[in-house]
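It should be emphasised that the depicted structure is a prediction, and the values quoted were computed from it without experimental measurement. Just so we're on the same page: letters track the sequence lines, and every chain starts at 1.
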Number of protein chains: 2
Amino acid sequence: MPKRVDHDQRRRELAEALVRCARTRPLHAIGYREVAAEAGVSLNLVQYYFPTKEKLLHGGLVHLRAVMARRLRDRLAETTGDDDPVQRIRLILRELLPHDPVSADLYRVHAAYAALALTDPALAAEPHTAGPDQIYPELTDLVTAAQKAGRLSAHVDPHLAAVALLGAATGLSAYAASGYLTSEQAAQALDQQLDLVLEPHRGSR
Amino acid sequence: MPKRVDHDQRRRELAEALVRCARTRPLHAIGYREVAAEAGVSLNLVQYYFPTKEKLLHGGLVHLRAVMARRLRDRLAETTGDDDPVQRIRLILRELLPHDPVSADLYRVHAAYAALALTDPALAAEPHTAGPDQIYPELTDLVTAAQKAGRLSAHVDPHLAAVALLGAATGLSAYAASGYLTSEQAAQALDQQLDLVLEPHRGSR
DNA sequence: CGTTTCGTCGTACCACCGTACGATAAAAAC
DNA sequence: GTTTTTATCGTACGGTGGTACGACGAAACG
């Protein structure tokens with residue numbers, strides 16, 4: 001049984017178990033024993049790959065972010081090459097909303113990490129947690145492209161516009177996750193906002 | 001010393017101590033002892049007024065929401081009667097962003113409660129936690145007024161527009177709280193977004 | 001074949017947390 | 001003036017969580 005093992009693979013499995021636990025229980029309250037049970041291994045194995053709890057939490061965050069980024073990339077890739085920047089912006093922002101049970105789970109865990117990072121310096125220091133991080137540059141480029149195509153007034157700052165749109169998606173995600181809005185309502189609100197900001201068929205003004 | 005005491009007042013004091021603790025430490029990790037120490041009383045006094053931890057957390061949330069609502073009301077009241085709906089919307093949304101250390105602290109604790117409510121059924125059931133709740137109706141009315149004043153295209157749904165703007169404020173608050181944006185940047189992004197959605201001097205189109 | 005390393009497990013320790021059980025003074029009630 | 005209530009405290013108990021220590025097979029290495 002105990003032949004050579006890929007440590008990164010094992011860590012990924014355990015991090016996945018942690019994320020699975022965090023879908024339904026407060027992140028801070030999840031411990032080694034719970035992760036071990038969820039992964040079907042014993043306590044010490046978890047501790048073997050994540051010697052301290054801080055590293056365990058960190059590993060879960062890394063995995064979560066990888067999964068979310070991959071899902072976003074896959075979803076965007078399977079859309080036939082749509083070169084309209086406004087349409088692409090819409091796709092990206094829509095994908096950020098929780099739209100199915102899996103993405104809702106991921107969002108919930110991500111929110112737990114974001115909240116924890118606000119008070120836990122160890123988490124706040126390491127990788128970006130709540131920020132738009134990866135998608136932000138691409139979105140800024142797309143907004144700039146839309147602006148050049150005359151879909152957006154020339155005097156607005158694309159950086160600010162991009163981050164404002166991202167913020168709207170984030171906030172609406174929060175409302176949807178907490179049950180205040182249905183995911184359909186959130187999507188509608190986002191769509192309408194996009195229609196107001198980036199009007200599809202208007203010359204520059 | 002032990003004469004008759006106003007229980008609500010005591011509860012408020014203790015809840016305030018809890019919120020003070022939660023500014024810098026994970027909410028879930030705060031216990032009776034820490035709150036007692038922060039309030040300068042002993043363990044059992046906290047337990048006397050909040051017999052169970054669930055009630056303690058609940059009390060903290062109630063107090064936090066009361067403080068935030070009062071701050072918002074006060075800030076809005078001290079603005080000289082500005083009857084322009086767009087300007088009033090701007091004031092409200094700006095006030096939702098963290099703009100000083102106190103509001104940043106309050107936002108952080110509020111975010112911790114919102115995240116906890118996503119997995120803790122006891123918190124999710126009781127009062128609204130993450131939702132725009134109180135301000136939402138007023139904001140919808142203001143958006144409707146702006147629409148009637150020709151500042152917003154007639155075919156948009158004011159409810160969706162209001163919730164989208166609220167979502168933008170919420171998301172930008174998250175970015176500001178997590179250090180991804182400065183509060184100035186968040187305010188600029190929000191302002192620009194408002195300028196795009198509710199154009200100040202345009203006829204109905 | 002002996003030895004060392006590696007992955008995995010069982011168990012134990014210490015500290016802390018929520019909760020409960022008195023105890024004690026001061027005020028109120030009678 | 002006695003008794004009962006009220007606000008407050010000190011301390012204790014059961015449980016749980018992070019961490020540590022040791023053990024034990026299986027492979028790799030010589």
Enquirer: Nearest 0.5 Å, please: how far is OG1 in A:Thr140 from CG in A:Leu160?
Expert: 9.5 Å
Enquirer: Should A:His7 be listed as having a side-chain N or O under 4.0 Å from OP1 or OP2 of C:dC6?
Expert: no
Enquirer: So, OP1 or OP2 of C:dG7: does either fall under 4.0 Å of a side-chain N or O from A:Tyr48?
Expert: yes
Enquirer: What integer distance in Å separates B:Glu13:CD from D:dA7:P?
Expert: 13 Å
Enquirer: Nearest heavy atom decides the nucleotide; on that basis, is B:Pro51 or A:Arg10 closer to the 5' end of DNA chain C?
Expert: A:Arg10
Enquirer: Starting at atom CD of A:Glu34, determine the distance to atom C1' of D:dG17, rounded to an integer number of angstrom.
Expert: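 Value for this atom pair: 12 Å.
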Enquirer: Over 60° means perpendicular and under 30° means parallel, so tell me whether B:Tyr180 and A:Tyr136 are parallel, tilted or perpendicular.
Expert: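 Perpendicular.
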Enquirer: Reckon B:Thr52 has a side-chain N or O less than 4.0 Å from the OP1 or OP2 of C:dG18?
Expert: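 No, outside the criterion.
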Enquirer: I'd like to know if B:Arg20 and B:Asp105 make a salt bridge, using a cut-off of under 4.0 Å between side-chain N and carboxylate O.
Expert: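 A salt bridge is absent here (no side-chain N lies under 4.0 Å from a carboxylate O).
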Enquirer: Using atom CG of B:Leu56 as one end and atom P of C:dG18 as the other, report the distance to the nearest whole Å.
Expert: 8 Å
Enquirer: With the side chain of B:Arg33 defined as its heavy atoms from C-beta on, choose the nearest nucleotide among D:dT8, C:dC17, D:dG17.
Expert: C:dC17
Enquirer: Phosphate oxygens OP1/OP2 of C:dC17: is one of them under 4.0 Å from a side-chain N or O of B:Tyr32?
Expert: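 Answer is no, no contact under 4.0 Å.
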Enquirer: When the distance from CZ of A:Phe50 to C1' of D:dA20 is rounded to whole Å, what number comes out?
Expert: 19 Å
Enquirer: Just verifying a value: how many Å separate B:Arg94 CZ and B:Leu190 CG, rounded to the nearest 0.5 Å?
Expert: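 Going from CZ on B:Arg94 over to CG on B:Leu190, the span is 7.5 Å.
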Enquirer: Return the value, rounded to whole Å, for the distance between atom CG of B:Leu45 and atom C1' of D:dT6.
Expert: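 Checked: the CG to C1' distance equals 12 Å.
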Enquirer: Quickly work out the A:Lys55 NZ to D:dG18 P distance and round it to whole Å.
Expert: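 Between P of D:dG18 and NZ of A:Lys55: 16 Å.
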Enquirer: Please tell me which of the listed nucleotides, C:dT19, D:dT8, C:dT8, lies nearest to the side chain of B:Tyr49?
Expert: D:dT8
Enquirer: Just how far, in rounded Å, is C1' of C:dT8 from CG of A:Leu14?
Expert: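 Rounded to whole Å, this separation is 12 Å.
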Enquirer: In whole angstroms, how far is the C1' atom of D:dC9 from the CD atom of B:Gln47?
Expert: 12 Å
Enquirer: Ignoring the backbone of B:Val41, work out which of C:dG7, C:dT19, D:dC9 is nearest its side chain.
Expert: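 Side chain of B:Val41 sits closest to D:dC9.
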Enquirer: With respect to the side chain of A:Leu43, which nucleotide from D:dT8, C:dG7, C:dT11 is positioned closest?
Expert: C:dT11
Enquirer: Is it true that, when you exclude B:His159 itself, more than 12 heavy atoms of the residues, nucleotides or ligands shown sit nearer than 6.0 Å to its NE2?
Expert: no
